[in-house]
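Okay, structure first, notes after.
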Amino acid sequence: MGKFIAISNKKGGVGKTTTSINLAAALAVLEKKTLLIDADPQGNATVGLGFTSKDTVHGTLEFIQGKSNIHQCIHSINQYQDFIGTRINLAIIEIGRQKNTDIYRLRSVLEPIRSQYDYVIIDSPPTLGLISLNIFTAVDSLIIPVQAEYFAFHGLQKLLTTLVSIRNSSNPNLDIEGILITMYSPITKLSNHIKAELEKNFESLVFDTLIYRNVKLSEAPSHGQDIIKYDINSKAAINYLNLAEEIITRNDNVQDHNMAGLGKHIDEIIKEANTDDLDFILNLKKQDKNSVFKKKDINSAKYNDILGLTKSQLEKNRGLIYNDIYSNVWMYRINEKTGLFNKKYLYLFFHDDVVIDYSLNRFKLPPQKAEANLMIVLEKHGLEREY
Ligand SMILES: Nc1ncnc2c1ncn2[C@@H]1O[C@H](COP(=O)(O)OP(=O)(O)OP(=O)(O)O)[C@@H](O)[C@H]1O
Ligand SMILES: [Mg+2]
């Protein structure tokens, strides 16, 4: 049975199309029957593989709408690889009045061909409109390319929030195949920093394979070729073959494709959290069972002088922003740069009008969790809850 994988990230220019073209080519080299679908109205994958709008009269739009059958739409690239290209007309999917059933269109035309392929790879647009919703509803998993450069995390949070809501509605089995670091350059500090941040935050969700920055990847599309045809000896070809192998190995090792994606981890977290508040989900992921929040060491020394202060002293020193004078948990938003996720929250815990403990959190906690943390802190200090 085939596996449907979309390459998706709301952020533009992160390597979605490059990954779609070259991963599909690499899977085919490894003798996996693969279908690549260009589902971005920009048609970059179509042009990058040397097709023109004349070749795509029967394209992704016509396929989704059921106006053309699969045989009319498919171009055979080689024995193992098929392709469906697109013209700009695909954009009309986003326009007009939409019915609830509209997000199921792609799924309804893809499901019947599942048994014909090992992998179906879908290149997605950098938007979260009806095309993307169709894609998320139809696929088994997402590969999220993240560029190892500035603003790497932009768009990621929105995408993951969408993933959670799709799971709660049109596709409960949607998984994350993996987060793929693209345009990696080992000599730059920033690339390594982003890699470390991603691994710290998303752990096993990050693919072992890195896609290095390689000029051959930007040259190949202008020759209408994938990287394997363009230069099989390039580092980029090797990177994408390694990625294909990593995906095949993982999927071959499990019987049930629903269990294959690393996103299963996130599924468990979501169940545990019983909320679609992503900040909370990601935060919970980093916590151990006994502690509701993770204490961070950064800048600890700086906040130690807060311990022992009374509410009125704090009010004078730091203001009362966001805080309720009657509550025994106060939260401050910290604006200083402490990492790529530089929005930090300082939680202060009071007993008898005095700060007895604090924690620095990456994400804002729901009020009931903050309350639960206070209980843990009180217990740690051997104190009783005040009412
Ligand atoms: N590993 C890489 N090394 C060098 N250049 C790369 C690499 N990956 C992608 N590029 C180049 O970066 C640019 C953006 O890549 P690509 O088109 O794949 O991104 P995208 O996420 O599909 O963009 P969009 O959101 O517009 O669809 C292209 O010019 C591409 O050739
Ligand atoms: Mg693209």
Side-chain angles (χ1 to χ4, degrees), residues 5-26 36-51 56 59-60 83-88 90-91 93-94 121-129 131-132 135-136 142-156 158-159 162 177-188 190-192 194-195 198 206-244 246:
I5 303 176
I7 317 297
S8 185
N9 189 335
K10 189 181 176 302
K11 187 164 161 26
V14 293
K16 292 183 289 295
T17 301
T18 306
T19 297
S20 303
I21 292 176
N22 297 307
L23 172 62
L36 171 63
I37 300 176
D38 186 353
D40 179 357
Q42 297 180 95
N44 292 342
T46 305
V47 175
L49 283 170
F51 293 94
T56 49
T60 308
F83 175 64
I84 299 179
T86 191
R87 288 173 291 155
I88 188 77
L90 177 61
I93 296 240
E94 307 280 23
I121 303 295
I122 303 178
D123 185 20
S124 315
T127 48
L128 291 177
I131 296 175
S132 285
I135 295 171
F136 293 163
L142 306 178
I143 288 177
I144 307 171
V146 171
Q147 187 180 346
E149 281 177 11
Y150 275 117
F151 307 121
F153 297 93
H154 280 209
L156 195 55
K158 179 84 185 109
L159 176 65
T162 307
E177 192 72 27
I179 293 172
L180 177 68
I181 299 176
T182 61
M183 304 186 214
Y184 178 72
S185 55
I187 47 165
T188 66
L190 187 64
S191 258
N192 285 312
I194 286 171
K195 180 171 175 287
L198 280 170
V206 182
F207 280 113
D208 292 339
T209 306
L210 295 168
I211 307 298
Y212 283 68
R213 177 170 281 285
N214 188 309
V215 69
K216 296 263 162 86
L217 282 171
S218 44
E219 290 168 7
S222 58
H223 297 265
Q225 290 179 334
D226 60 63
I227 192 66
I228 290 161
K229 275 204 207 88
Y230 183 65
D231 186 354
I232 182 120
N233 294 314
S234 63
K235 188 162 194 169
I238 293 161
N239 286 168
Y240 277 106
L241 284 165
N242 284 341
L243 177 65
E246 190 177 346

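For the single chain, residues carry numbers from 1 onward in sequence order. Counting starts at 1 for both ligands and their atoms, in listed order.
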**Request:** Start with the C-alpha gap between Asp38 and Phe83, add the side-chain angles, then the distance that decides, and say whether side chain to side chain contact (heavy atoms under 4.5 Å, CB included) holds.
**Result:** CA-CA 8 Å; Asp38 186 353; Phe83 175 64; 4.2 Å; yes
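- Nearest protein neighbour of atom 2 (C) of ligand 1, counting heavy atoms only, is Leu217 CD1, 3.4 Å.
- Residue-ligand proximity, Ile211 to ligand 1, at heavy-atom distances under 4.0 Å covers atoms 1 (N).
- Among all heavy-atom pairs drawn from Thr17 and Ala45, the shortest one is CG2-N, 3.5 Å.
- Between Gly13 and ligand 1, a contact under 3.5 Å exists for at least one N or O pair.
- Considering only non-hydrogen protein atoms, atom 26 (O) of ligand 1 sits nearest to Gln42 NE2, 3.4 Å.
- Ligand 1 is never approached by Tyr184 to a heavy-atom distance shorter than 4.0 Å.
- Distance remark: protein heavy atom not present below 4.0 angstrom from atom 13 (C) of ligand 1.
- Counting heavy atoms from C-beta outward, Pro221 and Ile21 have side chains that stay 4.5 Å or more apart.
- Listed by atom number, the atoms of ligand 1 under 4.0 Å from Tyr212 heavy atoms are 1 (N), 2 (C), 3 (N).
- Of all protein heavy atoms, the one closest to atom 9 (C) of ligand 1 is Thr18 OG1, 3.3 Å.
- Scanning all protein heavy atoms for the shortest distance to atom 17 (O) of ligand 1 gives Thr17 CB, 4.0 Å.
- Of all the atoms in ligand 1, the ones that sit under 4.0 Å from a non-hydrogen atom of Pro126 are 25 (O).
- At least one donor-acceptor pair under 3.5 Å links the side chain of Lys16 to the backbone N or O of Lys11.
- Distance check, rounded to the nearest 0.5 Å: CD1 of Ile88 to CD of Gln42 gives 7.5 Å.
- Among the atoms of Thr17, an N, O or S atom falls under 2.8 Å from the Mg ion (ligand 2).
- A 4.5 Å side-chain heavy-atom check between Thr86 and Asp40 finds every atom pair outside the cut-off.
- Close contacts of ligand 1 with Gly12, meaning ligand atoms under 4.0 Å from a residue heavy atom, involve 25 (O).
- Closest to atom 19 (O) of ligand 1, if we only count protein heavy atoms, is Gly15 N, 3.1 Å.
- For ligand 1, the atoms closer than 4.0 angstrom to any heavy atom of Ser218 are 31 (O).
- The minimum heavy-atom distance linking Pro145 with Val14 is given by the pair O-CG2, 3.6 Å.
- Among all non-hydrogen protein atoms, the one lying nearest atom 20 (P) of ligand 1 is Lys16 N, 3.4 Å.
- Backbone and side-chain nitrogen or oxygen atoms of Val14 are examined, and one is located within less than 3.5 angstrom of a nitrogen or oxygen of ligand 1.
- By the 3.5 Å distance cut-off applied to N or O atoms, Asn214 is counted among the residues near ligand 1.
- Side-chain contact check for Asn22 versus Asn239: every heavy-atom pair is 4.5 Å or farther apart.
- In terms of N/O distances under 3.5 Å, ligand 1 is not approached by Asn44.
- Close contacts between ligand 1 and Asp40 involve ligand atoms 27 (O) [criterion: under 4.0 Å to a heavy atom].
- Within the 4.5 Å cutoff, the side chain of Glu94 has heavy atoms near those of the Thr127 side chain.
- Protein heavy atoms come within 4.0 Å of atom 30 (C) of ligand 1.
- Looking at heavy atoms from C-beta onward, Tyr240 lies out of side-chain contact with Thr209 at the 4.5 angstrom threshold.
- Between the side chain of Glu177 and the main chain of Ile5, no donor-acceptor pair closer than 3.5 Å is present.
- In this structure the side chain of Leu23 never reaches within 4.5 angstrom of the side chain of Leu180, judged on heavy atoms.
- Between Tyr230 and Leu217, every side-chain heavy-atom pair lies at or beyond the 4.5 Å cut-off.
- For atom 7 (C) of ligand 1, the closest heavy atom belonging to the protein is Met183 CG, 3.6 Å.
- Looking at Asn9 against ligand 1, nothing comes within 4.0 Å, counting heavy atoms.
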